[in-house]
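Bear in mind the structure is a predicted one, so any value in this text is a computation, not a measurement.
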Amino acid sequence: WTAITAEVECLLDESAEISPSSLACCKSNEDTVMVFTSMQATFVVAVDPLKIAHKWSGENIELVCAADQVRLARISNTTMEFFKEEQTCEVAPAARQMEWLTSSTVVVLYEGGLRMFDADKKELFEIVDVPGLDACCRNENLLYFLGAKELLRFRLQTPQQRVEALIDAG
């Protein structure tokens, strides 16, 4: 029988105003981080060694985390910011949700549709008008959108992949 001991260390207290739904955990080959967001700031907490690695100030924060690498982004007002990256990207106001489609593509959901951003180039590359979308969920390289009357699936394809799909379809 092995005894288990618990070591408790308070890194953030109630003054940070963290809500339980604001936690994201990301793991890559090099790092594991936890990300907490509040109305005042975003905290990036490194797991090994346990420490607050970064604090972003700002309000109205949306948070996303890439699945295949530690790459974080958030929207504060009309600016998309990327963790450990200097450049930012301007976005329209009233973003409802954001998700990573690939390690370099962020999809931002608005009331009237969605916009896709190249996270490497920090620029908008596609606007899709689909009114009535309420939420999105990512699975692999697919995004699922829930609307008032439908569930939509969205896949990003390179031009070559699109040509191959059209050839396969006849």
*Asks:* As an exercise, state the distance from NZ of Lys121 to OG of Ser104, rounded to the nearest 0.5 Å.
*Replies:*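 With rounding to 0.5 Å, NZ (Lys121) is 9.5 Å from OG (Ser104).
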*Asks:* Quick one: side chain to side chain contact (heavy atoms under 4.5 Å, CB included) partners of Glu164, sequence neighbours excluded?
*Replies:*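 Result, side chain to side chain contact (heavy atoms under 4.5 Å, CB included) vs Glu164: Gln160.
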*Asks:* Taking atom CG of Leu124 and atom SG of Cys89, what is their separation to the nearest 0.5 Å?
*Replies:*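 Here the rounded value is 7.0 Å.
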*Asks:* Side chain to side chain donor-acceptor pair (under 3.5 Å) with Lys122: which residues, sequence neighbours excluded?
*Replies:*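 Here the qualifying residues are Glu85.
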*Asks:* For residues Leu114 and Met116, report the shortest heavy-atom separation together with the two atoms involved.
*Replies:*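 Closest pair (atom of Leu114, atom of Met116, distance): CD1-CG, 4.1 Å.
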*Asks:* Which pair of non-hydrogen atoms, one from Phe117 and one from Val91, has the smallest distance, and what is that distance?
*Replies:*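 Distance-wise, the nearest heavy atoms are CZ-CG1, 3.4 Å.
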*Asks:* For the CE atom of Met98 and the CG atom of Leu109, what is their distance to the nearest 0.5 Å?
*Replies:*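 Answer rounded to 0.5 Å: 11.5 Å.
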*Asks:* Kindly indicate whether the side chain of Glu90, heavy atoms from C-beta on, has any atom under 4.5 Å from the side chain of Thr79.
*Replies:*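 Side chain of Glu90 against side chain of Thr79, heavy atoms only: contact under 4.5 Å found.
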*Asks:* Please identify each residue that fulfils side chain to side chain contact (heavy atoms under 4.5 Å, CB included) with Leu152, with sequence neighbours left out.
*Replies:*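 Val130, Leu133, Phe145, Glu150.
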*Asks:* Mind listing the closest non-hydrogen atom pair of Tyr110 and Arg115 along with its distance?
*Replies:*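 So the minimum-distance heavy-atom pair works out to CE1-CD, 3.5 Å.
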